[in-house]
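My structure is below; once you've seen it, I'll send some questions.
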Amino acid sequence: MSTTTLTYREALNQGLREELDRDQRVILIGEDIGLFDGAFKVTKGLLADYGEARIRDTPSAESTAVGLGVGAALVGLRPVVELMTITAALRALDQVLVSAAQTRFASGGQLSVPLVIRTPQGSGHQLGPTHSHSLEAMLLQIPGLLIAAPSTPADAKGLLKTAIRDENPVAFIEHESLYGLKGEVPDGDVLVPFGEAVVRRPGQDITLLGISRGARTAVDAADVLEREHGVSAEVIDPRTLRPLDLPAIIASVQRTNRLVVVEEGWPQGGVGATIAALVQEHAFDHLDAPVLRVTGADAPVGYSRVLERAAQADARAVAAAALKTLGR
Amino acid sequence: MSTTTLTYREALNQGLREELDRDQRVILIGEDIGLFDGAFKVTKGLLADYGEARIRDTPSAESTAVGLGVGAALVGLRPVVELMTITAALRALDQVLVSAAQTRFASGGQLSVPLVIRTPQGSGHQLGPTHSHSLEAMLLQIPGLLIAAPSTPADAKGLLKTAIRDENPVAFIEHESLYGLKGEVPDGDVLVPFGEAVVRRPGQDITLLGISRGARTAVDAADVLEREHGVSAEVIDPRTLRPLDLPAIIASVQRTNRLVVVEEGWPQGGVGATIAALVQEHAFDHLDAPVLRVTGADAPVGYSRVLERAAQADARAVAAAALKTLGR
Amino acid sequence: MNTPVTSAHQRPLPDPAIAREWLAAMQLIRRFDERAGELYAAGQIGGFLHLAVGEEATIVGASRALEDRDWLLTTYRAHAHALARGTEPSRVMAELFGRVGGVCHGRGGAMHVTDVERRFLGGFGLVGGHLPVAAGAAMASTYQGRAEVTMCVLGDGATSNGAFAESLNLAAIWNLPVVLVVTRSLGGYAAPGDAAAAAADLVRKAEGFGIKTLACNGMDILDTQAVCAEAVRIARTERRPVLVEATNHRAPTGAMSAAKIKGDKDEVAAWKARDPLAQFGDRLVEVGLLDSSERARIQMQANSSIEQAVSFAGRSPHPAAGSLYDELYVLHGGEPGWYGVDARGTTTQAEVAPHEREVQP
Amino acid sequence: MNTPVTSAHQRPLPDPAIAREWLAAMQLIRRFDERAGELYAAGQIGGFLHLAVGEEATIVGASRALEDRDWLLTTYRAHAHALARGTEPSRVMAELFGRVGGVCHGRGGAMHVTDVERRFLGGFGLVGGHLPVAAGAAMASTYQGRAEVTMCVLGDGATSNGAFAESLNLAAIWNLPVVLVVTRSLGGYAAPGDAAAAAADLVRKAEGFGIKTLACNGMDILDTQAVCAEAVRIARTERRPVLVEATNHRAPTGAMSAAKIKGDKDEVAAWKARDPLAQFGDRLVEVGLLDSSERARIQMQANSSIEQAVSFAGRSPHPAAGSLYDELYVLHGGEPGWYGVDARGTTTQAEVAPHEREVQP
Ligand SMILES: Cc1ncc(C[n+]2csc(CCOP(=O)(O)OP(=O)(O)O)c2C)c(N)n1
Ligand SMILES: Cc1ncc(C[n+]2csc(CCOP(=O)(O)OP(=O)(O)O)c2C)c(N)n1
Ligand SMILES: [Mg+2]
Ligand SMILES: [Mg+2]
């Protein structure tokens with residue numbers, strides 16, 4: 001399999017291009033995605049190459065952008081809607097839940113909604129309390145909605161292609177601080193399946209599970225643990241939250257008997273809480289210590305870089321939690 | 001303390017009246033709350049008694065109703081906004097999170113938002129997939145937002161009065177199937193503090209924790225357990241989810257060594273998951289079995305009464321989970 | 001005039017067969033509502049039931065302006081639109097009974113009645129929630145190079161919601177072939193503050209967005225059909241949005257869910273004099289297009305068709321509790337339930353019996 | 001005319017002292033932005049920084065139409081409005097530095113600058129998100145029997161959002177004393193499709209909601225102040241909403257966050273000929289209200305005030321990492337943190353150093 005070094009941003013752009021080339025039904029909808037190449041430049045050049053009919057700049061109208069995608073999906077297209085930030089996505093949550101996620105069920109299976117909603121999230125650029133949210137846990141609540149949260153350029157492309165081909169609505173959560181990240185990306189039509197976790201780093205003493213950028217934080221923490229404490233940590237990246245590859249998580253915990261979950265979102269009602277609950281439920285007798293969570297602080301993200309950092313789930317905090325779990 | 005038998009609905013109405021009488025700054029805002037007495041008749045008679053300036057019928061504009069409440073709160077009022085259903089509240093989530101919950105933080109403590117957002121939730125009347133949601137877990141995500149979820153008429157009144165007097169924004173979650181429930185309600189100015197769980201039924205063998213109507217389901221389950229299995233279950237109703245009375249929950253689990261959480265909302269990213277995560281974290285060595293959750297099904301609520309019931313967290317399911325936890 | 005309560009002029013009648021078909025469709029919806037109201041009171045139908053008594057001319061008139069290839073979306077008052085579009089009454093009634101024979105297999109109920117074969121996309125429960133979806137459908141038709149039109153029926157209350165403005169704006173700037181039919185209620189269940197304040201200048205509001213606007217007497221099927229047909233023609237040929245304001249007197253039923261006409265004598269009499277079904281039937285008789293036995297036959301046919309529907313619905317089985325997770329995901333060879341991790345250790349299937357209904361709005 | 005690019009007529013000048021104060025306020029904002037742009041490029045200021053170069057006449061003109069008792073809300077371009085309202089530049093700059101000396105103690109940043117003492121409610125990050133909040137403030141003033149007015153400044157892009165329509169509708173039906181100042185950008189950072197399509201008929205759109213509308217040349221402080229003052233007068237005395245469309249040429253800065261004027265020569269020259277600060281200064285000189293030494297003194301005062309601000313900001317300490325949970329809840333004698341159960345077992349306070357900035361929109 002040949003690969004090319006691309007940024008996460010370029011990998012997404014390549015994935016979009018390949019799907020636009022492959023399937024005329026694919027169209028892109030979003031604020032500033034055309035003339036401005038997207039708020040984070042993910043859709044760079046697409047307007048010039050695919051034209052206005054397929055790359056549709058919307059006004060600032062988030063709920064309508066999603067509803068529009070739902071309508072187009074019902075009538076035969078495969079729209080990809082970009083919402084500028086996950087906070088803007090809050091304004092569309094009625095459409096995400098009611099129109100996108102529930103319509104198949106409510107219609108008794110008559111309708112389906114092959115729609116992708118792309119949205120970036122996360123802190124890291126001092127964007128302050130309103131633009132630094134990580135809200136995947138709110139979306140995780142919604143049955144009917146698949147969720148992908150890639151942490152590498154290869155997964156960004158491969159999961160996006162899978163999302164576009166899926167018959168179900170998919171929330172595709174990108175991370176603002178990963179757009180510049182480089183990595184090897186398979187050339188051509190390589191898909192990453194949903195519901196298959198990946199081991200980012202094998203290990204025996206403890207499992208670290210990281211969500212979105214948390215997967216990278218977990219790898220950094222594993223390095224610290226190895227280097228400074230001689231602890232061998234296994235890092236799992238679930239890649240999709242719905243479906244969730246619970247068997248892979250359980251299998252790892254059954255070997256290591258310890259788990260720390262890393263997420264950037266808020267702790268109450270978070271993804272980590274769900275994973276902790278599931279793991280203690282399914283592997284109670286294998287756990288030698290409580291599942292710990294290292295999450296974003298239970299507070300807004302402050303603009304000050306000190307406050308922003310203090311609110312983040314960082315590698316040192318993960319390493320510390322891991323050591324605590326190991327009784328050290 | 002003298003009491004009167006009132007329905008949950010009447011208790012809420014009484015609470016609103018007492019606060020309207022006590023404090024001229026209290027005003028009510030919401031769709032159909034005036035001329036129609038509110039979708040669930042909670043605001044019955046208030047328009048006639050307090051007038052249009054204080055009981056404000058809005059058009060169907062959910063996000064604006066909340067934003068309006070925030071603005072009025074910033075300028076010195078204590079608004080109570082009613083949203084017709086928690087699903088309608090989804091449309092206001094941007095205002096709830098950004099304007100209501102984060103403004104104090106973002107302004108460096110200059111501003112505060114003494115606002116109450118009342119909204120009913122829950123299944124039970126075959127309202128189908130769009131009108132049967134239980135979404136407290138999404139709101140639980142939000143730091144800065146307090147959450148009350150009363151399960152009795154007395155708490156409905158007492159918590160509502162506390163909510164109105166609190167300087168922080170409060171999401172006040174009512175349950176559609178509890179409005180007709182009768183109970184003894186203290187007369188006059190009796191407040192129920194936030195952050196104090198209550199034991200609905202003492203017991204030794206297992207702790208059942210129920211949220212919103214789940215607290216009643218838990219009591220029913222405890223009856224079944226006692227009657228049919230000789231199991232003594234303690235039922236805890238946290239009453240407020242933020243602040244959460246974790247010490248009371250931990251104390252109970254330290255005695256019973258077993259916990260089942262009952263909620264009607266969806267399991268992924270749910271409140272029960274958070275409580276399970278917290279309890280295994282804080283009382284790992286006291287748990288003799290995994291914390292189990294009995295939640296609403298991980299699916300929309302079907303209109304069919306069979307499907308609606310099948311999706312509910314019911315007392316038999318709770319009893320069964322409790323027995324499983326007890327190894328029986 | 002923005003708000004006609006009578007038709008602009010007496011519209012010419014269509015071919016006799018067509019006129020009779022329109023009357024029959026209105027009669028069918030009326031009878032359906034009458035029986036559904038009774039069955040709701042009896043607890044056979046649950047949830048919210050938004051009846052359409054008094055709206056038959058609007059519903060049938062609008063639907064008869066469409067071709068088969070056109071798409072239709074509406075509010076929670078979806079059962080009536082499905083009937084107008086030709087869905088078998090049995091499958092609609094079975095949906096209201098919550099049975100597997102229902103058009104949505106009992107999963108959606110009255111508010112979500114959908115019939116994709118007839119390009120009826122449903123049935124939306126949230127006020128204004130279907131507006132952007134309709135815009136998207138219209139966009140897709142144009143993208144696919146098809147001359148289809150999308151019709152979206154909404155209430156006046158929805159015009160105060162941001163979804164209305166956002167969708168109108170998009171429809172205008174993107175030239176979407178969507179026809180918005182706004183039912184402006186002058187009677188029955190409506191939020192008075194809202195209707196009065198927000199919809200008074202609906203035409204001005206819509207034109208503020210650069211949308212072509214037409215008005216019709218929603219109590220007159222001829223006027224409604226003619227105006228909607230003109231709107232559809234404009235949308236189809238000029239590929240741009242049109243808004244039709246259909247003024248309407250819903251019956252004074254007191255509650256949205258009870259078909260029985262009540263209220264004080266004068267109110268009832270006033271409404272009866274406006275009853276769109278009676279009016280249209282009378283006109284057909286007047287001009288000699290229908291005799292009283294034919295009229296009776298149409299009524300009887302509606303009655304018997306609805307009785308059959310009730311009987312079908314009553315015999316149709318309840319969905320199995322175990323089918324809870326079906327028809328939620330499109331499974332790619334995966335297993336049902338694969339997409340979720342159900343935390344519920346044990347689910348007991350409680351016995352199912354008609355349960356008492358709490359007072360509902 | 002909906003879209004004046006020049007003033008309706010040459011407005012008379014106010015008292016000399018007032019005219020000079022206006023010029024000084026514009027100069028202060030300009031200088032602040034120039035320095036802030038440099039400091040942003042140097043990594044001293046983070047996040048999104050929406051500069052106001054070219055908007056000074058609109059910002060100062062609108063603010064000088066208000067009395068002290070009136071309320072003001074704006075978008076993410078909040079630092080400039082705070083300066084116009086009289087907040088000390090040091091406390092604004094310190095906010096952009098993210099320091100405890102900042103008006104929001106470094107928690108909010110440029111987008112959330114707020115000064116409640118001056119009745120400036122901030123600084124809202126989401127497009128259109130402040131509109132209902134402004135409506136609520138206006139409602140509260142009336143409820144309290146106070147003749148205050150609320151002014152809400154927004155961009156043309158926000159007029160496509162549902163929040164705009166919902167708030168306008170409410171303001172109209174409830175007669176709220178709110179003045180909406182819409183900055184219609186004809187240059188600089190703007191979503192072109194949006195601005196062109198949605199705001200072209202802004203006046204018609206607003207009037208569709210029954211809102212009184214005025215227009216001004218946002219590049220001319222005299223016109224802006226006069227028109228906004230008239231709007232405020234109507235809102236205050238007639239207790240109803242007014243929308244002012246202020247047409248504006250933001251400087252061709254290329255990116256929202258860089259103050260340096262760039263673009264091709266002609267574009268820059270065209271903008272410079274329009275520069276609201278230069279224009280107003282020239283006019284004052286022309287009519288003999290200002291001589292060149294006074295003008296230079298005003299510039300120097302702005303410069304030195306901003307240098308003091310930069311120096312104050314640089315010296316102000318970073319908030320302590322441990323203050324993370326402060327100023328979030330109003331605690332009723334409870335402890336900080338009581339309202340949340342922080343799941344984070346261990347928080348290490350990473351060393352804080354200026355970090356590299358990823359390319360941002
Ligand atoms: C978002 C939302 N809020 C509230 C409701 C409850 N509700 C059901 S019908 C109705 C009245 C809507 O009025 P209008 O849009 O005029 O429709 P119509 O009169 O045709 O029923 C309301 C508020 C709802 N369905 N959705
Ligand atoms: C809900 C939301 N979506 C996207 C953004 C990103 N954003 C920041 S400025 C801006 C342009 C808004 O244009 P306009 O309302 O005209 O304001 P102005 O030109 O005055 O900045 C956008 C889209 C945001 N702040 N909020
Ligand atoms: Mg209506
Ligand atoms: Mg603009």
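Each chain gets a letter, A, B and so on, in the order its sequence line appears, and its residues count up from 1. What you see below is based on every heavy atom in this structure, not just the backbone, and it leaves out hydrogens, waters and symmetry mates. It should be emphasised that the depicted structure is a prediction, and the values quoted were computed from it without experimental measurement.
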> Contact part of D:E95 toward chain B, heavy-atom cut-off under 4.5 Å: side chain, backbone, both or neither?
Replying inline: neither

>> Is B:S107 in contact with chain D via its backbone, its side chain, both, or neither, using a 4.5 Å heavy-atom distance?
In response: both

>> Could you report the tightest heavy-atom contact between B:V75 and D:S141, atom names first, then the distance?
In response: CG1-OG, 4.3 Å

> Closest approach of B:A101 and D:L328, non-hydrogen atoms and distance?
Replying inline: O-CD1, 4.2 Å

> Does any heavy atom of chain D fall under 4.5 Å from the side chain of B:I27, the backbone, both, or neither of them?
Replying inline: side chain

> Side chain, backbone, both or neither: which part of B:Q24 has an atom under 4.5 Å from a heavy atom of chain D?
Replying inline: both

>> Less than 4.5 Å to any heavy atom of chain B: does that hold for the side chain of D:L121, its backbone, both, or neither?
In response: both

>> Between D:R146 and chain B, with a heavy-atom cut-off of 4.5 Å, which part of the residue counts as in contact: side chain, backbone, both or neither?
In response: side chain

> Which atoms form the tightest heavy-atom contact between D:E166 and B:S60, and what is the distance?
Replying inline: OE2-O, 4.5 Å

>> Distance check, rounded to the nearest 0.5 Å: B:T58 atom OG1 versus D:N169 atom CG?
In response: 10.0 Å

>> Is B:A73 in contact with chain D via its backbone, its side chain, both, or neither, using a 4.5 Å heavy-atom distance?
In response: neither

> Heavy-atom distance under 4.5 Å to chain B: side chain of D:L126, backbone, both or neither?
Replying inline: side chain

> Between the side chain of D:E327 and the main-chain N/O of B:A106, is any donor-acceptor distance below 3.5 Å?
Replying inline: no

>> I'd like to know if the side chain of B:Q95 and the backbone of D:G129 have a donor-acceptor N/O pair within less than 3.5 Å.
In response: yes

>> As an exercise, state the distance from NE2 of D:H105 to CZ of B:F105, rounded to the nearest 0.5 Å.
In response: 12.0 Å

>> If you compare all heavy atoms of D:Y143 against all heavy atoms of B:V26, which two are closest, and at what distance to 0.1 Å?
In response: OH-O, 4.2 Å

>> Just verifying a value: how many Å separate B:L77 CG and D:Q144 CD, rounded to the nearest 0.5 Å?
In response: 4.5 Å

> Considering residues, nucleotides and ligands other than D:E67, do more than 12 of their heavy atoms fall under 6.0 Å from its CD?
Replying inline: yes

> Measuring heavy-atom distances to chain B, does D:A135 have an atom under 4.5 Å in its side chain, in its backbone, in both, or in neither?
Replying inline: both

> Does CG in B:D189 sit with more than 12 non-hydrogen atoms of other residues, nucleotides or ligands closer than 6.0 Å?
Replying inline: yes

>> Restricting to non-hydrogen atoms, name the atom on B:T64 and the atom on D:A163 that form the minimum distance, rounded to 0.1 Å.
In response: OG1-O, 4.4 Å

> Out of B:R104, B:E167, B:R242, which one pairs with D:Y329 under the side-chain hydrogen bond (donor to acceptor under 3.5 Å, both in side chains) rule?
Replying inline: B:R242

> Mind checking whether D:H112 and B:Q102 have side chains closer than 4.5 Å, heavy atoms only?
Replying inline: no

> Which heavy atom of D:W174 sits nearest a heavy atom of B:D57, and at what distance?
Replying inline: CZ2-O, 3.3 Å

> For the candidates B:A72, B:P143, B:S99, B:S112, which exhibits the highest count of non-hydrogen atom pairs separated by less than 4.5 Å from chain D?
Replying inline: B:A72

> Given that the side chain runs from C-beta out, which part of B:Q110 has a heavy atom under 4.5 Å from chain D: side chain, backbone, both or neither?
Replying inline: both

> Non-hydrogen atoms of chain B under 4.5 Å away: do they reach the side chain of D:V103, the backbone, both or neither?
Replying inline: both

